[in-house]
Structure formats: structure tokens, C-alpha cells
Amino acid sequence: MRNVSKSRRHRQPRERCRGVATPRRLTHDAAVFDCFFLSWATLRPTDRPMSSPQKPDRLEQARIDKLEKIVALGHDPYGGRFENHASISSVRGKCPEASGTPGDAVRIAGRIMLRRKAGKLRFFDVADSSGSIQVLCSRGDLGEEQWELLSQFDLGDLIGVDGKMWRTDSGEVSIFADRLHILSKSLAQPPEKFHGASDVELLLRHRSLDLIYTEGVRDRMLLRTKIIQSVRNTLNSRDFVEVETPVLHAVAGGAAARPFNTHHNALDIPLFLRIALELHLKRLMVGGIERVYEIGRVFRNEGIDATHNPEFTMMEVYQAYGDYNAMMDLTEAVVVEAVKVVKESGVRSQESGDPSRDREGAEAAGDSRLSTLNPQLTLPWKDSTIDFTPPWPRKTYAELFREHAGCEMSDQAAVRAKAKELAAAGKIKHEFIQRMETTEIHPDVIVGEVFEAMVEDALIGPIFVKDYPASLCPLTKRKKDDPTVAERFELFIHGMELANAYTELNDPRLQEELFRTQLAGLAEEDSMAKMDREFLQALKIGMPPAGGLGIGIDRLVMLLTNSRSIRDVIFFPLLRPER
RNA sequence: GAAGGCGUAGCUCAGUCGGUAGAGCAACGGACUUUUAAUCCGUAGGUCGUGGGUUCGAGCCCCACCGCCUUCACCA
């Protein structure tokens with residue numbers, strides 16, 4: 001809390017300044033800097049955030065000098081409304097075929113990406129969100145004032161251009177500039193023009209730079225948006241209703257994870273950031289919203305690595321009067337529709353330069369299964385491909401356990417022996433074996449450990465793993481003919497767990513009992529059995545039998561964009577603050 | 001949390017055995033009216049992540065710390 005109020009103290013005076021310093025030619029930059037230094041000086045030295053601008057370095061100073069020249073020429077270096085400009089991709093098509101003849105008059109706006117000189121000619125490559133184009137400026141055709149203005153342009157500046165479409169002698173599509181406008185003076189030196197920036201930390205801390213200068217980053221992030229849009233479309237077209245439920249929870253339930261702690265001052269109560277969407281959505285189902293979903297951020301206070309960010313995006317959907325079989329069908333639909341969107345986008349995935357590579361690769365490999373698959377539904381993944389063509393296999397947990405572990409999961413002695421074997425091979429922690437030998441651990445927990453070590457990585461998929469040991473699933477309905485088995489499935493693709501679904505438990509008394517009984521061998525924080533009275537009360541009112549499904553959106557985007565790190569699909573992943 | 005790797009100019013990177021800190025791009029000045037990472041000539045630019053230590057002398061060796069990456073651990 002202290003940190004928050006501290007940073008607000010920094011921010012307020014500066015934001016106020018920004019309001020005062022409305023662009024007034026000539027005095028504009030002076031006003032900014034007066035204000036800036038004023039607020040700066042009022043801060044005690046220890047309050048100064050390290051990330052805030054320090055005194056300008058030599059490169060920044062060179063740009064400030066140019067900014068001042070721009071002001072002296074009577075231009076606002078930070079521009080203003082710039083109307084009726086066209087997208088760069090749209091004007092490219094208007095270029096005359098023959099070089100040296102003027103085409104249509106156009107107006108564009110964008111960022112200077114490259115600059116070249118040839119005598120009294122200046123070439124700028126200007127890019128907007130649709131593409132880039134060359135702007136040609138001729139000393140002989142522009143007035144003194146315009147030439148003076150463009151001489152103050154640097155890489156990274158945002159400019160507007162009025163001109164006519166023009167093809168150069170070498171055939172390059174260009175705009176022959178008639179009039180130039182400065183729209184925003186960049187004070188920061190861009191990365192090296194050929195190699196770009198490659199330091200991962202630099203790119204993550206300055207994602208804006210990454211988006212501008214690293215090939216493919218913006219396309220991939222925008223593809224994320226399209227994928228999420230597709231998920232919404234799929235659900236909406238099936239009459240599911242999107243809602244928003246609280247992020248601040250008094251009890252962080254619905255999943256087994258450690259929450260972030262926070263505090264409400266006026267109420268003076270502890271609160272938690274949600275770790276799942278589940279319980280509120282079920283309460284809405286009780287309230288009569290029979291098909292309901294939410295796509296939202298959840299927070300888990302755990303480790304950070306290539307597949308885990310402390311905050312991530314989860315989609316949870318509930319369908320009254322359905323069950324987990326209905327959820328398997330829905331999962332296939334949601335993912336397949338998203339795959340189609342990715343295929344249609346034509347955005348190149350991270351490591352295959354050519355979007356059609358997966359098909360050619362499959363044929364070249366001569367794999368009969370791959371060559372007969374629907375090429376529309378394959379996407380590249382690392383060195384291979386993922387075939388999303390439905391229907392995906394649906395195998396039971398017990399079946400897969402038998403297949404990969406070589407023994408029945410009901411054979412406790414054999415399972416224990418297997419666990420020890422895996423520990424010797426370094427695939428299961430020795431501590432777990434010690435606990436297994438010395439304390440009483442539920443047999444299903446041991447089975448779960450062996451399953452994770454032997455089966456999960458081997459699941460190429462997409463494959464639905466269904467019918468989990470019931471004791472691992474306190475929010476799930478048991479099978480009618482076998483109460484030791486829960487109607488739950490997980491979707492695995494290349495060892496990654498993408499979806500998790502249940503036939504939801506709607507018996508309030510059984511639910512309360514499951515919350516109450518702590519599973520032997522599990523710490524409380526590792527269990528989902530957190531008593532939530534509001535939720536139990538809702539179940540007493542009566543929740544329809546239902547199917548429920550959760551999909552990790554970030555992981556879905558990773559799989560569909562061939563991204564190995566979750567940081568490649570989140571704009572601002574959490575980093576330790578710089579000191 | 002553990003092990004390994006990395007941190008040098010705004011950016012991308014060299015830096016030999018411990019002996020004056022290097023290049024390309026970018027910047028600045030100049031030449032060039034059809035360039036495509038333009039080219040050519042010149043100038044300037046460094047708290048070698050931070051702090052200690054060893055040494056006549058440390059970017060380099062040692063210790064601690066900070067950050068990032070990889071693998072592992074944790075992780076519905």
C-alpha cells in the first residue's frame with residue numbers, strides 16, 4: 001500500500017503540469033521543463049523513482065535541440081489533430097506504374113523508420129499500423145522552410161505527409177512530399193536499424209520499442225486479440241452470456257493456488273485477488289443465467305517461468321443441464337474456430353517463416369496420417385505441427401495410466417513401486433517418496449504423482465484425458481456407477497494442459513463435506529477445499545446440473561502462435577522492478 | 001528456492017596471457033537529386049551492472065549484491 005501512495009505522489013504534480021503546458025508555440029517546451037524541474041525539485045532524493053527521466057544524455061540533447069528549432073520554425077513539435085489521412089497500405093495501391101509521373105494526392109501519418117540521403121534528396125521510410133512506404137523529399141521542390149523542418153526529423157519521429165504518389169527510377173512505391181508535418185518529436189534513440197534490439201530484458205521492460213522495432217511482435221499480439229474475439233464469437237453464437245464477476249475475493253476459492261493478499265482500508269478487511277472465476281459464475285447459474293462465461297484475469301502468487309505469469313487470462317464457461325461431455329464438444333468448437341482465425345490471418349508464426357510450411361513438412365515426411373489430415377487445421381509447433389482436426393481422442397485416466405505406467409492404478413503396491421522407480425530416475429522428488437513412506441498419503445495422490453511424471457509429457461494430442469480419481473476433484477460430480485471416479489477432463493496438447501472441465505457438483509451437502517474433509521497428504525494451500533459459505537448457500541438454493549470448462553487463454557494463444565514463452569503473448573509480463 | 005550462463009558507447013557486438021577501451025549502426029560536421037541496412041570523408045561519444053578485495057597495474061582474477069536468460073524445483 002505504501003508503494004502505491006508513494007508513486008501517486010510522484011505522478012500527481014507531473015500530470016498537473018502536463019495540463020498547464022498546453023502547446024503554445026515557442027513557450028511550449030520551456031513550460032514543460034519548468035514544470036518538470038519544479039516537481040522534481042520538490043521530491044526528496046530518496047523518493048525519486050529510478051525509471052524516471054534523468055538529465056538528458058547527449059543523444060537526447062541533440063533531439064531536444066532539434067525540437068527547439070522546430071518550435072522556432074513555428075511548429076508544435078507534438079502536433080495535434082491530423083485529419084483525412086489514409087492508411088499507408090491503402091495508398092500504396094494508388095501508385096502509378098510508370099516512374100516519374102505524378103499520381104493521386106495523398107496524406108499519410110506514421111513513424112520514421114529509416115532515413116537515407118542522396119545529394120539534395122531525402123528518403124524516409126514511414127510506417128503506420130497498416131504498413132510502410134517511402135517518402136521522397138526533394139530540395140528543389142520544397143521551400144526553404146519545409147527543408148529546414150525536415151532537416152530536424154529523426155528516426156522515430158511521428159510525421160504527417162501531404163504529397164502525390166510517385167514511382168522512383170528504381171521502381172519503389174513512394175510519396176513525393178509536398179508538405180511535411182511534425183506530429184510528435186521522439187526524444188529517444190531507436191535501436192540499431194538492422195539488428196534491432198535483441199536484449200530480452202530491454203524489450204520486456206520497454207515493450208513499446210519491442211512492438212515498433214521487432215518484426216512480428218505486434219502481429220502476434222494482435223492475433224491474440226483475434227483469438228480471444230473468436231472465443232467470444234463461438235460462445236456467443238451458442239447463446240452463452242458474457243459477464244464480469246469480482247476480482248477482489250474474501251475467500252480465494254475455485255482452484256488450488258496461493259492468492260495475492262490485499263486489504264480494504266475503509267472496511268479494514270483482508271481481501272484476496274481471485275485465483276479462479278468458478279464460484280461466482282456458478283452462483284450466476286443458480287440465479288438463472290443458464291449459459292454463462294467470463295474471460296478475465298486471475299492471479300496466482302507462485303513461481304514465474306516460460307508458462308507461468310502471476311496474472312493470466314482465464315476463460316471459464318458453464319452450461320446448465322450439460323455435463324463434461326458437452327464441454328468436450330464445446331472445447332473442440334472453441335479451439336477449432338480459433339485455429340481457423342489464425343490460419344485466415346496469415347500471420348506468420350514465430351519460427352516458421354512460411355505459413356504453409358506445416359503442410360509441406362507433413363507431406364515431405366511421408367507420414368500417412370499427416371498427409372491425409374485437413375491442412376486447414378494444422379499449425380506449426382516447434383519442430384513439428386499440431387493437427388487440430390476433430391474429433392480428438394477421449395481416453396480415460398485409468399486407460400492412459402495402464403498404457404504408460406504399465407500397471408493398474410488400483411494396484412496400490414505396484415503404484416508405490418512405480419513411484420519409487422520414478423524417484424530413482426529423478427522424475428519424482430525424493431521428498432515425496434519420504435512423505436509417502438512415513439506419513440499417510442491418499443493413494444490417489446500417489447497415482448496423480450505417477451501420472452504427471454509418466455503420462456502428461458507423453459501426450460502429444462490434442463487428447464482429452466477424462467475420468468479423474470475423485471479425491472483430487474472436490475468440485476466435481478462423481479460417476480453414477482463409480483463414486484471413486486470424477487467426471488472431469490483435461491485437454492492436453494504437446495504436454496501442455498490447455499483446458500480443464502467438470503460435470504459440476506451441485507449437491508450442497510456433499511460439497512460442504514468435501515470442503516470440510518481435508519485430503520490426507522495435501523497442505524491446505526495445495527487444496528481447493530476452501531470453505532466458501534456464500535457459494536454453499538447458492539448451492540442450497542439449487543444449481544442446475546451443469547458442465548463447466550476452463551481454458552487458459554495465454555496458453556491457447558501460445559499454442560496457436562507457436563510461442564514458447566508466455567511472455568511472448570502477454571504485453572506486459574511481470575518483471576522485478578529495476579533498482 | 002538451486003545450478004549454470006550473461007551484463008562493455010543510445011543499439012548490435014569484439015576485447016588475446018592482467019598492461020593506454022574497440023568496431024558497425026545511430027549522433028554531429030561535410031560531399032552527393034532516385035536511394036533501398038545508400039555510399040564516401042571527418043568529429044565526438046565509456047561509472048566496462050553495483051560495491052568490496054587481490055595486484056605496481058583489473059573489462060579480464062576473487063568475494064558479495066542487483067537484474068535478465070536457460071534448466072530444475074514449485075505450479076489446476
Side-chain angles (χ1 to χ4, degrees), chain A residues 50 56-63 65-66 99-100 113-125 132-142 154-156 166-174 176 186-206 209 213 254-258 275-276 278 298 300-310 312 314 316 426-432 448 452 456 468 472-476 488-491 497-502 523 525-528 550-552 555 564-565 567 573 575-579:
Chain A
M50 290 305 285
D57 65 21
R58 61 201 168 82
L59 295 169
E60 187 173 336
Q61 189 55 54
R63 284 164 179 257
D65 292 345
K66 290 181 185 173
S99 62
M113 303 300 286
L114 286 174
R115 200 166 38 151
R116 293 176 290 277
K117 295 203 272 185
K120 294 287 182 282
L121 287 177
R122 296 291 180 274
F123 299 92
F124 296 100
D125 283 359
S132 74
I133 195 167
Q134 172 172 279
V135 173
L136 169 55
C137 304
S138 159
R139 179 71 182 88
D141 294 74
L142 287 167
D154 284 306
L155 296 177
W166 184 270
R167 196 174 290 270
T168 63
D169 291 355
S170 55
E172 180 71 27
V173 175
S174 309
F176 199 109
S186 170
L187 297 182
Q189 190 67 28
E192 208 258 6
K193 68 181 176 186
F194 187 59
H195 301 92
S198 64
D199 180 58
V200 176
E201 185 178 357
L202 179 105
L203 294 174
L204 289 175
R205 290 196 191 279
H206 306 285
L209 279 183
Y213 294 105
R258 284 158 217 232
I275 58 173
E278 178 144 358
V298 297
R300 298 188 179 177
N301 204 340
E302 284 154 4
I304 299 176
D305 64 27
T307 54
H308 296 83
N309 193 58
F312 60 101
M314 179 81 98
E316 285 193 30
K427 295 203 133 196
I428 286 183
K429 263 198 315 181
H430 289 285
E431 294 162 31
F432 179 80
E452 269 181 38
E456 288 191 1
Y468 277 64
L472 301 175
C473 316
L475 294 162
T476 312
R488 169 195 185 185
F489 75 79
E490 290 192 321
L491 171 63
E497 180 202 319
L498 188 66
N500 185 19
Y502 314 136
E525 66 228 14
D526 294 333
S527 163
M528 300 199 300
I551 291 181
R555 287 183 182 180
R564 295 194 191 168
S565 170
R567 293 180 162 191
L575 288 186
R576 199 182 284 271
E578 276 181 304
R579 302 209 310 161

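Every value quoted in this text rests on a predicted model; they were computed, and no experiment measured them. Chain naming here is simple, since letters A, B, ... match the order of the sequence lines and numbering starts at 1 in each.
When the P atom of B:rU39 is taken as reference, atom NZ of A:K193 falls 6 Å away, rounded to whole Å. Between A:H206 atom NE2 and B:rC68 atom C1' there is a gap of 13 Å when expressed in whole angstrom units. Here the C1' atom of nucleotide B:rA38 and the CZ atom of A:F124 are 14 Å apart, to the nearest Å. Rounded to whole angstrom, the span from the CG atom of A:D305 across to the P atom of B:rC68 amounts to 14 Å. Rounded to whole Å, atom P of B:rA76 lies 8 Å from atom CD of A:E497. B:rC65 atom C1' lies 12 Å from atom CZ of A:R576, rounded to whole Å. Rounded to a whole Å, the NE2 atom of A:H195 is 12 Å from the C1' atom of B:rA23. Between A:E452 atom CD and B:rC74 atom P the separation is 9 Å, expressed in whole Å.
Positionally, the nearest nucleotide of RNA chain B for A:R115 lies more toward the 5' end than for the other of A:R300 and A:R115. Looking at which nucleotide of RNA chain B each of A:A197 and A:A62 is closest to, the 5′-most match is held by A:A197.
Between the side chain of A:R115 and the backbone N or O of A:L155, no donor-acceptor pair lies under 3.5 Å. In this structure, the side chain of A:S174 engages the main chain of A:E172 through a donor-acceptor pair within 3.5 Å. Between the A:R258 side chain and the A:N301 main chain, no donor and acceptor come within less than 3.5 Å of each other.
Using a 4.0 Å heavy-atom criterion, one finds that A:G196 contacts the sugar-phosphate atoms exclusively. A:R488 comes within 4.0 angstrom of a nucleotide base, judged by non-hydrogen atoms across all strands. Across all strands, A:L114 comes closer than 4.0 Å only to sugar-phosphate atoms, never to a base (heavy-atom distances).
Rounded to the nearest Å, the gap between the C1' atom of B:rU12 and that of B:rC6 is 15 Å. Comparing B:rC74 with B:rA3, their C1' atoms are spaced 16 Å from each other, to the whole Å. Taking atom C1' in both B:rC56 and B:rC65, the straight-line distance is 29 Å, to the nearest Å. Look at the C1' atom in both B:rG49 and B:rG30: the space between them is 38 Å, to the nearest Å. When the P atom is compared between B:rU20 and B:rC48, the two are found 16 Å apart, to the nearest whole Å. Here, B:rC60 and B:rA21 have their C1' atoms 13 Å apart, quoted to the whole Å. Comparing the C1' positions of B:rA9 and B:rG15 gives an interatomic distance of 14 Å, to the nearest angstrom. Taking atom C1' on both nucleotides, B:rU47 is separated from B:rU34 by 46 Å, rounded to a whole Å.
When all heavy atoms of A:P191 and A:L209 are compared, the closest pair comes out as CD-CD2, 4.2 Å. The shortest non-hydrogen separation linking A:G100 to A:W166 is O-CH2, 3.4 Å. In terms of heavy atoms, A:G156 sits closest to A:Y213 at CA-OH, 3.8 Å. Nearest heavy atom pair, residue A:I275 against residue A:A255, reads CD1-O, 3.3 Å. Across all their heavy atoms, A:R63 and A:P190 have their closest contact at NH2-CD, 3.3 Å.
Atom CG in A:L121 sits 11.5 Å away from atom CZ in A:R139 (nearest 0.5 Å). Taken to the nearest 0.5 Å, the CD atom of A:E278 stands 8.5 Å off from the CG atom of A:N500. One finds the CG atom of A:L187 at 9.5 Å from the CD atom of A:Q61 (value rounded to the nearest 0.5 Å). Rounding to the nearest 0.5 Å places CZ of A:F176 at 4.0 Å from CG of A:D141. We find the SG-NZ distance between A:C137 and A:K120 to be 14.0 Å, quoted to the nearest 0.5 Å.
Paired regions of RNA chain B, where each region holds three or more successive Watson-Crick or G-U pairs whose two hydrogen-bonding distances fall under 3.5 Å, are B:1-7 with B:66-72, B:10-13 with B:22-25, B:27-31 with B:39-43, B:49-53 with B:61-65.
Applying the salt bridge (Lys or Arg N to Asp or Glu O under 4.0 Å) rule to A:R122 yields no partners; only residues at least two apart in sequence or on another chain are considered. Listed by chain and number, the residues in a salt bridge (Lys or Arg N to Asp or Glu O under 4.0 Å) with A:R116 are A:D125 (sequence neighbours excluded).
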Quick one: which protein N/O atoms are closer than 3.5 Å to N/O atoms of nucleotides 8-10 of chain B? Pair and distance per line, please.
residue	atom	partner	partner atom	Å
B:rG10	N7	A:R58	NH2	3.1

Filtered N/O pairs between nucleotides 13-15 of chain B and protein, under 3.5 Å:
residue	atom	partner	partner atom	Å
B:rC13	OP1	A:S198	OG	3.2

ask   = Which letter, B, S or -, goes with each nucleotide of nucleotides 30-35 of chain B from 5' to 3', with contact meaning a protein heavy atom under 4.0 Å?
value = --BBBB
